[in-house]
Amino acid sequence: TLNTPLLTVDEQPISIEQALKYLHGAGLLEGVITLIIEQHLMQQEIQEQNVEVDEATVENVIIQFRQQHQLTEQQSFQAWLASEGLNMKGLKEQVSWKLKRQQLKAKIVKPKLHQYFISQKLTLDRVVLSRIVVQEKAIAEELLIQILEDGLPFEQLAREYSLAEDRSMNGRMGEVSRGKLPHTLRAAVDQAKPGAIIGPLPLDGVWYLLRLGKIIPIQFDARVQEQLAEELFEQWLQTQKQQRAIQLEINF
């Protein structure tokens, strides 16, 4: 029941109901409930999909973890367990759960992963950009003339006129994912070719001149596959939550 003690502080019990009230008062209850719902939905799917992890696999993962973190000595390992508030049983349960989640994620997203990559590729591609940021459009237009007609180096004008901190680096912004660019800039960058000067473009009350250095196509490597798999899995979780009838049975 809700009156069952969850824990004690100086031998004073704190019931489940009181703990929930504390979370509610601190504005944390919604996040905890969301986590519980997600864990429940994943557990249901794990059972339906017959996802299993044998104990040998769990133990092997723990051995690898201990080797990687210099915890091969039993004393240091026990000290680490205590610092994490765990015992061996609890650690095995955590590792088993993570492995089952990985297997479930693979089952759900694998058939969709490559197509999702194709649909997201333009957003994931990276571009190398340099910029000159000034307060007025007229100044940006004058600088553009100096670059295109007078042949003045973009880097020199960035050092002399740009308001951005990267002026000390000749205006170089470095590599940026297309998807992280503000819409105004991205629309222009998507239509440009390497070497092009873009702008003047208004953004956040200032004016930008951009130079597109090069385009770096994203590779469908292990890192990108894991990133996209996690995105697809989160989308699946959100869909599952939207399709379920969820009702909080406690009023505060």
Side-chain angles (χ1 to χ4, degrees), residues 4-8 16 19 23 28-121 123-126 175 177 179-180 216-244 246:
T4 301
L6 178 66
L7 52 85
T8 60
I16 295 174
L23 289 170
L28 300 173
L29 184 59
E30 183 177 349
V32 172
I33 289 174
T34 297
L35 180 60
I36 291 171
I37 292 169
E38 290 179 352
Q39 294 291 102
H40 177 71
L41 293 175
M42 284 188 285
Q43 183 60 41
Q44 282 188 327
E45 195 70 21
I46 283 170
Q47 292 173 348
E48 291 179 9
Q49 300 251 12
N50 295 317
V51 175
E52 295 181 357
V53 175
D54 60 69
E55 188 166 347
T57 301
V58 172
E59 290 179 350
N60 188 50
V61 169
I62 293 174
I63 290 171
Q64 291 178 8
F65 174 83
R66 292 178 64 176
Q67 291 173 342
Q68 291 170 1
H69 294 83
Q70 290 79 51
L71 296 171
T72 52
E73 295 293 332
Q74 189 64 20
Q75 185 175 357
S76 60
F77 180 54
Q78 290 299 325
W80 177 84
L81 285 173
S83 71
E84 297 294 317
L86 287 170
N87 54 27
M88 193 60 179
K89 179 182 177 183
L91 178 60
K92 286 183 176 181
E93 288 175 350
Q94 285 191 5
V95 171
S96 178
W97 170 258
K98 289 178 181 178
L99 292 173
K100 288 178 181 178
R101 184 186 185 278
Q102 289 175 1
Q103 286 191 33
L104 176 64
K105 179 173 67 175
K107 283 177 174 286
I108 290 172
V109 307
K110 188 175 181 179
K112 312 172 186 176
L113 191 57
H114 193 262
Q115 187 60 41
Y116 186 61
F117 168 73
I118 293 172
S119 70
Q120 298 296 307
K121 187 178 184 306
T123 299
L124 294 169
D125 284 347
R126 302 179 72 82
E175 295 183 16
S177 293
K180 293 184 178 179
I216 305 172
I218 196 71
Q219 302 298 316
F220 194 52
D221 56 20
R223 181 187 63 82
V224 170
Q225 289 180 42
E226 178 58 28
Q227 173 189 333
L228 297 181
E230 193 64 30
E231 288 179 12
L232 279 172
F233 191 61
E234 287 299 320
Q235 291 174 16
W236 172 82
L237 262 181
Q238 292 302 318
T239 300
Q240 292 297 307
K241 286 190 288 186
Q242 292 168 4
Q243 293 175 347
R244 305 300 178 96
I246 299 171

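Note that this is a predicted model, so its numbers are computed, not measured. In what follows, residues are counted from 1 in the order of the sequence shown.
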Roughly how far apart are [X] [atom1] and [Y] [atom2], rounded to 0.5 Å?
{"X": "Gln47", "Y": "Glu45", "atom1": "CD", "atom2": "CD", "result": "10.5 Å"}
{"X": "Leu41", "Y": "Ile246", "atom1": "CG", "atom2": "CD1", "result": "6.5 Å"}
{"X": "Leu28", "Y": "Ile33", "atom1": "CG", "atom2": "CD1", "result": "11.0 Å"}
{"X": "Glu52", "Y": "Lys100", "atom1": "CD", "atom2": "NZ", "result": "7.5 Å"}
{"X": "Gln103", "Y": "Ile46", "atom1": "CD", "atom2": "CD1", "result": "9.0 Å"}
{"X": "Arg244", "Y": "Gln240", "atom1": "CZ", "atom2": "CD", "result": "5.0 Å"}

How about [X] and [Y]: do any of their side-chain heavy atoms sit closer than 4.5 Å?
{"X": "Leu228", "Y": "Leu232", "result": "no"}
{"X": "Val109", "Y": "Trp236", "result": "no"}
{"X": "Pro217", "Y": "Lys121", "result": "yes"}
{"X": "Leu124", "Y": "Gln227", "result": "yes"}

side-chain contact (heavy atoms from CB on, under 4.5 Å) between Val32 and Leu35, intermediate numbers included:
CA-CA 5 Å; Val32 172; Leu35 180 60; 5.7 Å; no
Residues that [X] engages under side-chain hydrogen bond (donor to acceptor under 3.5 Å, both in side chains), provided they are two or more places apart:
{"X": "Ser177", "value": "Arg126"}
{"X": "His69", "value": "none"}
{"X": "Lys241", "value": "Glu38"}

Please identify each residue that fulfils ring-ring contact (aromatic ring centres under 6.0 Å, His included) with [X], with sequence neighbours left out.
{"X": "Phe220", "value": "His114, Phe117"}
{"X": "Trp80", "value": "Phe65"}
{"X": "Phe77", "value": "none"}

Start with the C-alpha distance between Met42 and Lys105, add both sets of side-chain angles, then the distance that settles side-chain contact (heavy atoms from CB on, under 4.5 Å), and finish with yes or no.
CA-CA 9 Å; Met42 284 188 285; Lys105 179 173 67 175; over 6 Å; no
How close do [X] and [Y] get, heavy atom to heavy atom, and via which atoms?
{"X": "Met88", "Y": "Leu81", "value": "N-CD1, 4.2 Å"}
{"X": "Asp221", "Y": "Val224", "value": "OD1-N, 2.9 Å"}
{"X": "Ile218", "Y": "Asp125", "value": "N-OD1, 2.8 Å"}
{"X": "Lys107", "Y": "Pro111", "value": "O-CD, 3.6 Å"}

Are Lys180 and Glu175 within salt-bridge range, i.e. N to O under 4.0 Å?
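Salt bridge absent between Lys180 and Glu175.
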Hey, does the side chain of Ser119 reach the backbone of Tyr116 with a donor-acceptor pair shorter than 3.5 angstrom?
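Looks like yes, one N/O pair under 3.5 Å.
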Glu55 and Lys92: CA distance, side-chain angles, deciding distance, side-chain contact (heavy atoms from CB on, under 4.5 Å) verdict
CA-CA 8 Å; Glu55 188 166 347; Lys92 286 183 176 181; 3.3 Å; yes
Can you list the steps and then say if Ile62 with Val58 is a side-chain contact (heavy atoms from CB on, under 4.5 Å)?
CA-CA 6 Å; Ile62 293 174; Val58 172; 4.1 Å; yes
